[in-house]
Novice: 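One structure is given below, represented as structure tokens, and several questions about it will come after.
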Amino acid sequence: MRVVTTAQPLDVQPTPLALLLLGRESDPRSERGVECPGDLPAASDPDLVERARAAKAKLGDKVFVLGHHYQRDEVIEFADVTGDSFKLARDAAARPDAEYIVFCGVHFMAESADILTTGDQQVVLPDLAAGCSMADMATAEQVAECWDVLTEAGIAEVTVPVSYMNSSADIKAFTGKHGGTICTSSNAERALTWAFEQGEKVLFLPDQHLGRNTAVRDLGMSLEDCVVYNPHRPNGGLTAEELRGAKMILWRGHCSVHGRFSLDSVNDVRERIPGVNVLVHPECKHEVVAAADYVGSTEYIIKTLEAAPAGSKWAIGTELNLVRRLANRFASEGKEIVFLDKTVCFCSTMNRIDLPHLVWALESLAEGKVVNRIEVDPEVASFSKLALERMLALP
């Protein structure tokens with residue numbers, strides 16, 4: 001005799017984290033999972049492209065659409081300019097006549113655009129749930145606590161904070177307030193060189209891999225010069241002696257896309273594609289960067305492939321939307337371009353900006369309704385801008 005049991009439904013409530021990941025509820029201190037109000041067009045609507053064109057045409061010069069390299073093709077089609085995060089923020093600042101800046105990127109990028117544009121301009125993020133997991137790995141409270149730990153160890157006065165562009169406005173403001181600078185993946189070496197001219201140590205936020213790779217690969221430091229501060233452990237999981245002995249105090253943060261590439265990925269692609277050139281972003285792990293043929297920012301990756309000879313083979317360690325777009329772009333030149341890892345990996349938060357959200361934002365603006373405006377607190381913006389200006393003044 002077979003006994004069949006029927007499972008009873010469990011009264012399970014979604015956790016706050018689950019709601020954030022789903023883009024529901026709100027957390028103003030987080031880069032992700034902020035509720036996006038409004039009725040979106042259906043993703044299956046066959047008229048989405050025409051609706052986007054019509055709304056953009058109606059807005060005319062009043063709107064300036066920025067598209068990050070990692071965006072979907074359907075969104076890039078409507079971008080007035082494309083680029084990395086800081087290039088786009090500067091492009092926005094260079095268009096003071098545009099009343100609306102629609103930033104197709106993630107939250108911290110829109111914050112930077114708001115900081116650098118005029119008070120008369122309004123920055124819009126089509127989906128407020130488009131955050132950055134790396135930026136979320138360093139909160140203002142955690143960094144303030146870290147500074148207290150450095151103070152107790154007697155090294156805060158000789159430590160200069162350097163924060164990656166991929167950080168919240170609060171972290172940029174902390175950096176500006178404590179005499180530090182912002183960096184991008186393109187100018188991290190210059191930023192660190194400057195920082196070590198100001199002090200003896202650097203607190204690098206929030207991406208440990210970019211900090212480590214720049215210190216070791218570009219500045220000639222050793223891995224022993226670097227320690228990792230873990231905000232989830234007492235005193236960062238470090239002793240005062242370890243902090244005093246370090247030159248680079250790296251925050252325990254990483255990019256969820258670039259952090260997935262491994263040494264196995266590099267070895268595997270070399271076996272599969274003889275003669276392949278491995279080109280990776282410096283947010284990748286140190287062993288991946290050490291095994292690669294070329295390492296550089298998103299803009300560097302694009303320029304390297306532009307200059308590559310016809311018939312060359314490339315495995316790229318960065319976000320899949322960009323890799324796929326580059327593969328299609330250079331296919332006619334006989335350049336073989338593949339994703340470094342066998343497993344497909346998009347930036348999940350960047351991909352929240354899709355055509356329905358963009359259409360909704362543009363149509364709302366065309367009707368005179370500003371949605372999803374990103375506004376940075378004036379004091380936070382002031383100190384953030386100070387840190388950004390120090391970066392712009394780097395030699």
Novice: Give a yes or no on whether the backbone of I155 and the side-chain of R244 come within a donor-acceptor separation of less than 3.5 Å.
Specialist: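 Pair absent, no side-chain N/O of R244 close to backbone of I155.
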Novice: Mind checking whether T318 and H69 have side chains closer than 4.5 Å, heavy atoms only?
Specialist: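 Side chain of T318 against side chain of H69, heavy atoms only: no contact under 4.5 Å found.
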Novice: Just by distance, do the side chain of H357 and the backbone of I353 share a donor-acceptor pair under 3.5 Å?
Specialist: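 Checked: no pair found.
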Novice: Are C255 and N166 packed together at the side-chain level, in the sense that at least one heavy-atom pair is separated by less than 4.5 angstrom?
Specialist: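 Result no, sub-4.5 Å side-chain heavy-atom pair not found.
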Novice: Please answer: with hydrophobic residues joined when any side-chain heavy atoms are less than 4.5 Å apart, are F204 and L243 in the same cluster?
Specialist: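 No, because F204 and L243 fall into different hydrophobic clusters, even though each may have its own neighbours under 4.5 Å.
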Novice: Could K285 and E287 be called an ion pair, given the rule that one side-chain N must be under 4.0 Å from one carboxylate O?
Specialist: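 E287 and K285: not salt-bridged.
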Novice: Is it true that K87 and D91 have a side-chain N and a carboxylate O under 4.0 angstrom from each other?
Specialist: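 A salt bridge is present here (some side-chain N lies under 4.0 Å from a carboxylate O).
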Novice: Please list all pairs passing the side chain to side chain donor-acceptor pair (under 3.5 Å) test where one or both residues lie in residues 55-67, with sequence neighbours left out.
Specialist: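 Side chain to side chain donor-acceptor pair (under 3.5 Å) check on residues 55-67 returns K56-D80.
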Novice: Please report the closest heavy-atom contact between V257 and E319, naming both atoms and the distance.
Specialist: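 Where V257 meets E319 most closely, the heavy atoms are CG1-CA, 4.0 Å.
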Novice: Compare every heavy atom of L125 with every heavy atom of H107, then report the nearest pair and how far apart it is.
Specialist: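 It is CA-CD2, 3.8 Å.
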Novice: Within a 6.0 Å radius of atom CD on Q198, are there more than 12 heavy atoms belonging to other residues, nucleotides or ligands?
Specialist: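 Above 12, so yes.
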Novice: In sequence, state the C-alpha distance, the side-chain angles, and the governing distance for D268 and K342, and then conclude on side-chain contact (heavy atoms from CB on, under 4.5 Å).
Specialist: CA-CA 9 Å; D268 177 74; K342 285 183 176 179; 3.1 Å; yes
Novice: Take the angle between the ring planes of H258 and F261 and call it parallel below 30°, perpendicular above 60°, tilted in between.
Specialist: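 Answer is tilted, since the angle falls between 30° and 60°.
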Novice: Do L326 and I302 make a side-chain contact, defined as non-hydrogen atoms from C-beta onward lying under 4.5 Å apart?
Specialist: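 Touching, per the 4.5 Å side-chain cut-off.
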Novice: Can you check whether M137's main-chain N or O pairs, donor with acceptor, with W251's side chain at less than 3.5 Å?
Specialist: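 Side chain of W251 to backbone of M137, a donor-acceptor pair under 3.5 Å: yes, one is there.
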Novice: As an exercise, state the distance from CG of L340 to CZ of R260, rounded to the nearest 0.5 Å.
Specialist: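 L340 CG to R260 CZ: 10.0 Å, rounded to 0.5 Å.
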Novice: Would you sort out whether L40 and D127 count as a side-chain contact (heavy atoms from CB on, under 4.5 Å), showing the intermediate values?
Specialist: CA-CA 10 Å; L40 298 178; D127 186 354; over 6 Å; no
Novice: Identify whether V143 and M134 are in the same connected component of the hydrophobic contact network (ILVMFWY, side-chain heavy atoms under 4.5 Å).
Specialist: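 Different hydrophobic clusters.
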Novice: Looking at side-chain heavy atoms only, is the closest gap between T184 and D84 below 4.5 Å?
Specialist: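 No, their side chains stay 4.5 Å or more apart.
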Novice: Does the side chain of V124 come within less than 4.5 Å of I374's, by heavy atoms?
Specialist: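 Side-chain contact under 4.5 Å: no.
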Novice: Would E375 and R373 pass as an ion pair if we require N to O under 4.0 Å?
Specialist: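 Between R373 and E375 there is a salt bridge, with a charged N closer than 4.0 Å to a carboxylate O.
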Novice: Mind checking the CG-CG spacing from N230 to L250? Nearest 0.5 Å is all I need.
Specialist: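 Reported value, rounded in 0.5 Å steps: 12.5 Å.
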Novice: Do the side chains of Q142 and H232 get nearer than 4.5 Å, heavy atoms only?
Specialist: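 Contact flag for H232/Q142 side chains = yes.
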Novice: Side-chain heavy atoms nearer than 4.5 Å, only ILVMFWY residues, links allowed to pass through others: does that put L203 and V160 together?
Specialist: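 The answer is no; the residues belong to distinct hydrophobic clusters.
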Novice: Between the main-chain N or O of E283 and the side-chain N or O of H281, is there a donor-acceptor pair closer than 3.5 Å?
Specialist: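 Answer holds: yes.
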Novice: Would you say N187's side chain and R190's backbone share a donor-acceptor pair under 3.5 angstrom?
Specialist: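 Judged by distance alone, no pair lies under 3.5 Å.
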Novice: How far apart are the closest heavy atoms of A92 and L66, and which atoms are they?
Specialist: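 For A92 and L66, the tightest heavy-atom pair comes out as CB-CD1, 3.8 Å.
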Novice: Under a 4.0 Å N-O cut-off, is there an ion pair linking D97 with R95?
Specialist: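 Result for this pair is yes, salt bridge flagged.
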Novice: With distance as the sole test, does R212 use its side chain to make a donor-acceptor pair with the main-chain N or O of L223 at under 3.5 Å?
Specialist: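 Between the backbone of L223 and the side chain of R212 there is no qualifying donor-acceptor contact (under 3.5 Å).
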Novice: If you look at every heavy atom in P356 and E74, which pair is closest and at what distance?
Specialist: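 The pair with the smallest heavy-atom distance is CD-OE2, 4.4 Å.
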Novice: I'd like to check W147 versus P161 (side-chain heavy atoms, cut-off strictly below 4.5 Å). Are they in contact?
Specialist: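 In short, these two side chains touch, coming nearer than 4.5 Å.
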Novice: Tell me whether N372 contacts the main-chain N or O of P126 through its side chain, where contact means a donor paired with an acceptor under 3.5 Å.
Specialist: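 Yes, the answer is positive, given that a donor and an acceptor are paired below the 3.5 Å cut-off.
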Novice: Report yes or no: do D225 and S222 form a side-chain donor-acceptor pair below 3.5 Å?
Specialist: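 Result is yes, a qualifying pair exists.
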Novice: Do the side chains of V49 and L59 join up, straight or via other hydrophobic residues, at under 4.5 Å, putting them in one cluster?
Specialist: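 Per the 4.5 Å side-chain linkage, V49 and L59 are co-clustered.
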Novice: Looking only at non-hydrogen atoms, find the nearest pair between T139 and D136 and report the distance.
Specialist: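 Looks like CG2-O, 4.1 Å.
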Novice: Between K313 (side chain only) and I273 (backbone N and O only), is there a donor and an acceptor less than 3.5 Å apart?
Specialist: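 Here the side-chain-to-backbone pair does not exist.
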Novice: Would you say the ring centroid of F330 lies under 6.0 angstrom from that of W314?
Specialist: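 No: the rings miss the under 6.0 Å criterion.
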Novice: Examine Y229 and V202 and state if one hydrophobic cluster contains both, with Ile, Leu, Val, Met, Phe, Trp and Tyr joined whenever side-chain heavy atoms are less than 4.5 Å apart.
Specialist: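 Hydrophobic grouping puts Y229 apart from V202.
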Novice: Is it true that a side-chain atom of Q121 and a backbone atom of A98 form a donor plus acceptor pair closer than 3.5 Å?
Specialist: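 Looks like yes, one N/O pair under 3.5 Å.
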Novice: If we only count heavy atoms from C-beta on, is the R252 to P231 side-chain gap below 4.5 Å?
Specialist: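 Yes; the side chains approach each other to less than 4.5 Å.
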Novice: Donor-acceptor pair, K247 side chain versus M221 backbone, under 3.5 Å?
Specialist: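 Such a contact is absent between K247 side chain and M221 backbone.
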Novice: If you apply the rule ring-ring contact (aromatic ring centres under 6.0 Å, His included), what do you find for F108 with F103, and how did you get there?
Specialist: CA-CA 10 Å; F108 77 80; F103 209 126; 8.7 Å; no
Novice: Please name the pair of heavy atoms, one in S312 and one in N277, separated by the smallest distance, quoted to 0.1 Å.
Specialist: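 For S312 versus N277, the nearest heavy atoms are CB-ND2, 4.5 Å.
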